Amino acid sequence: MVPELKVRRLSSLRRPQRPVKLSPLLRPSGPPRRGKLTTWQLTACAATVGLAISAVAVTAAGPWDSGQRTAERALSNAEGRDGGADHGNAEPNAAPSAPGVLIALGAPAGGAPAPTGRALADVLDPLLKDPSLGTARTASVVDAATGKEVYGTKAGEAVTPASTIKIATAAAALSALGPDHRIATRTVLDKDRVTLVGGGDPTLTARKGNQGNASLHTLADATAHALRTKGVDKIKLSYDTSAYSGPGQHPIGPNENIAPISPLMADEGRLDDSTSGPAPRTAEPARDAARTFADLLRDREIDVEGEPGSKKAGKGAKTIGTVRSAPLAALVERMLTHSDNDIAEHLARQTAIAADEPASFDGAAKAVKKELKKLELPLGKAKFADGSGLDREDRVSARLLTALLARAADPAHAELRPVLTGLPVAGFTGTLRNRYADDKASAPGTGLVRAKTGTLTGVNTLAGSVVDADGRLLVFAFTASGTGDPKAAQSTLDRLAAAVANCGCR
């Protein structure tokens with residue numbers, strides 16, 4: 001018997017209207033099955049699709065501020081609610097108001113029927129047998145309103161999750177720190193020595209035009225002003241990375257998918273102008289950030305002697321400048337939308353700091369597991385070797401992934417809402433931008449499926465949320481191991497999620 005999650009029913013809205021016909025959703029074999037698209041789905045799709053067209057303007061506002069959240073904010077504002085997480089330069093609201101946004105985009109109505117396991121099996125079982133899914137596959141579909149698992153195939157089996165583990169990292173960080181938490185980067189002064197103290201902000205930038213990030217330019221302005229006020233115009237500069245412990249290099253070794261993990265870094269240690277995805281990385285992000293900061297101080301007529309060196313700030317040092325990251329809610333959304341490995345590893349370490357564990361790989365693993373246990377989630381044999389999913393030693397079950405998503409939909413846990421609002425939208429944003437729309441078999445899920453992707457060699461996963469044809473909010477997780485053709489595996493996973501969205505399975 002699968003234990004049900006303790007989830008309160010979401011607020012009810014009017015019953016869905018008469019469904020309209022949707023293009024066929026193809027199965028692996030046999031005749032196509034015709035699906036239905038209700039006004040619930042049309043509302044969700046219209047809000048996402050219509051406003052996602054303004055992608056160029058969204059990109060100008062920040063690489064992580066995707067059409068999904070733009071659509072949600074616009075729809076929420078139109079209905080008189082407060083907006084979601086603030087991605088601009090102004091101070092954000094005290095807490096994101098995503099629960100209302102989620103309701104507007106298709107939270108289950110009081111009369112919307114839940115699907116049955118047998119009917120879901122009729123639709124999903126044939127797809128799960130597709131050979132593109134490799135040698136082992138698991139699945140879980142949960143009714144978000146009740147927390148009840150309505151479909152499962154080896155759902156409790158712990159498997160390599162790849163990047164879908166970021167859902168667990170996000171939930172743990174939000175639970176431990178809250179959605180409004182900001183990560184500080186400081187400068188402190190002790191006699192004639194200024195120390196740049198890293199707090200673990202992976203989005204700190206050295207580029208002009210901070211796009212809502214904490215900026216070394218802003219910190220240099222504040223620091224130079226404070227020094228001049230004290231009559232100081234010549235200093236020695238150090239940098240402090242003591243906030244983290246243990247090795248900074250990820251077990252996969254030097255890799256364009258992630259920089260060495262340091263509490264002090266600028267622009268994720270990228271050596272090009274990119275803001276997401278693989279890129280050449282510096283081997284010494286803290287040193288490079290400190291060198292850049294020294295140059296910025298010199299530009300402000302502060303004489304910095306020699307090269308910055310690594311040194312822990314003294315206990316008597318006084319803070320003279322501080323910049324803070326965007327709220328944690330925004331960092332989580334950016335991480336999930338773009339599958340940002342750097343942010344993921346830093347959020348895991350921030351969770352460790354909050355839990356009074358060492359801010360290392362081992363400490364972060366303990367802290368994440370401890371925080372998820374507090375949320376009464378089915379951990380089973382879960383193992384968190386890292387926060388990003390790059391480590392093949394990670395183990396997570398499909399049931400844990402759906403439990404995390406269901407908990408994020410629970411009105412009693414509004415602090416977890418960015419786990420849902422940060423999910424990429426099929427065919428429009430993040431890692432799902434180039435999927436669904438061009439695949440006839442999965443096209444019915446375009447704009448309706450919101451899901452975190454996971455990809456390693458031989459491993460493909462997908463976990464997220466859909467509103468089915470009856471207006472019921474469902475969360476799902478599908479994993480495939482031993483895959484040989486990643487594109488074929490991704491296509492089948494996309495068809496699975498689209499099948500759930502297209503199904504009035506009773």
Side-chain angles (χ1 to χ4, degrees), residues 176-177 180-206 210 213-248 259-269 282 284-328 331 346-347 349-360 363-364:
L177 297 160
D180 299 313
H181 177 75
R182 294 171 181 252
I183 305 169
T185 305
R186 302 180 297 128
T187 51
V188 299
L189 177 65
D190 187 0
K191 296 179 181 179
D192 66 342
R193 180 175 295 278
V194 170
T195 304
L196 179 59
V197 183
D201 178 7
T203 59
L204 181 70
T205 184
N210 62 359
N213 298 316
S215 171
L216 281 178
H217 291 263
T218 304
L219 186 58
D221 287 339
T223 303
H225 175 75
L227 290 172
R228 283 193 293 269
T229 299
K230 295 177 181 296
V232 178
D233 60 7
K234 186 174 184 179
I235 63 163
K236 297 175 182 177
L237 181 65
S238 301
Y239 58 93
D240 182 344
T241 59
S242 61
Y244 291 175
S245 59
I261 303 159
S262 167
L264 176 63
M265 65 191 326
D267 301 299
E268 298 183 335
T282 176
E284 297 185 73
R287 182 202 63 182
D288 287 1
R291 284 178 172 176
T292 298
F293 189 68
D295 289 339
L296 292 173
L297 289 177
R298 292 182 183 112
D299 291 342
R300 289 154 177 79
E301 299 182 350
I302 300 298
D303 185 2
V304 181
E305 295 182 0
E307 284 284 304
S310 177
K311 185 175 182 179
K312 186 174 181 179
K315 292 183 179 180
K318 302 296 183 182
T319 298
I320 58 173
T322 303
V323 291
R324 299 183 185 277
S325 71
L328 188 65
L331 301 189
H346 285 271
L347 293 189
R349 278 164 171 71
Q350 293 298 310
T351 304
I353 292 171
D356 201 25
E357 295 281 356
S360 62

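When a residue number appears, it is its place in the shown sequence, counting from 1. Because the structure is predicted, anything quoted here is derived from the model rather than measured.
- The backbone N or O of Gly321 sits less than 3.5 Å from a side-chain atom of Thr187, completing a donor-acceptor pair.
- Within a 6.0 Å sphere centred on CG of Asp303, heavy atoms belonging to other residues, nucleotides or ligands number more than 12.
- Using a 4.5 Å heavy-atom cutoff, the side chains of Asp201 and Val323 are not in contact.
- Without hydrogens or angle criteria, Ser215 side chain to His217 main chain gives a donor-acceptor distance under 3.5 Å.
- Of the listed residues (Thr229, Val232, Val188, Leu227), just one forms a side chain to side chain contact (heavy atoms under 4.5 Å, CB included) with Ile320, and that residue is Leu227.
- The shortest distance between side-chain heavy atoms of Asp192 and Lys236 falls below 4.5 Å.
- Residue Ala294 comes nearest to Leu237 through the heavy atom pair CB-CD2, 3.7 Å, listed as atom of the first residue, atom of the second, then distance.
- With no hydrogens or angles considered, no side-chain donor-acceptor pair links Asn213 and Thr205 at under 3.5 Å.
- Smallest separation of non-hydrogen atoms from Pro202 and His346: CB-CD2, 3.5 Å.
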**OP:** For the pair Leu204 and Leu216, evaluate side-chain contact (heavy atoms from CB on, under 4.5 Å) and give the outcome as yes or no after the intermediate values.
**Re:** CA-CA 7 Å; Leu204 181 70; Leu216 281 178; 3.9 Å; yes

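- In this structure, the side chain of Arg182 engages the main chain of Ser325 through a donor-acceptor pair within 3.5 Å.
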**OP:** Under the side-chain contact (heavy atoms from CB on, under 4.5 Å) rule, what do Leu347 and Leu328 come out as? Steps first, then yes or no, please.
**Re:** CA-CA 9 Å; Leu347 293 189; Leu328 188 65; 3.3 Å; yes

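- With a 4.5 Å cut-off on side-chain heavy atoms, Arg287 and Pro308 do not count as touching.
- Annotation: side chain of Arg228 is not in contact with side chain of Asp233 (no heavy-atom distance under 4.5 Å).
- Side-chain contact between Leu189 and Thr223: absent, with no pair of heavy atoms (C-beta onward) separated by less than 4.5 Å.
- Residues Ala206 and Asp267 share a closest heavy-atom pair of N-OD2, 3.0 Å.
- Checked by atom type and distance alone, the side chain of His181 never pairs as donor or acceptor with a backbone atom of Pro327 at under 3.5 Å.
- With sequence neighbours excluded, the residues forming a salt bridge (charged side-chain N to carboxylate O under 4.0 Å, His left out) with Asp221 are Arg300, listed by chain and number.
- Across all their heavy atoms, Thr241 and Ser262 have their closest contact at CG2-OG, 3.8 Å.
- Looking at every heavy atom in both residues, Ala220 comes nearest to Leu297 through O-CD2, 3.9 Å.
- Heavy atoms only, all atoms of each residue included: Leu331 and Ala326 are closest at CG-O, 4.0 Å.
- Of the possible donor and acceptor atoms, none in the side chain of Arg291 sits under 3.5 Å from a partner among the backbone N and O of Glu307.
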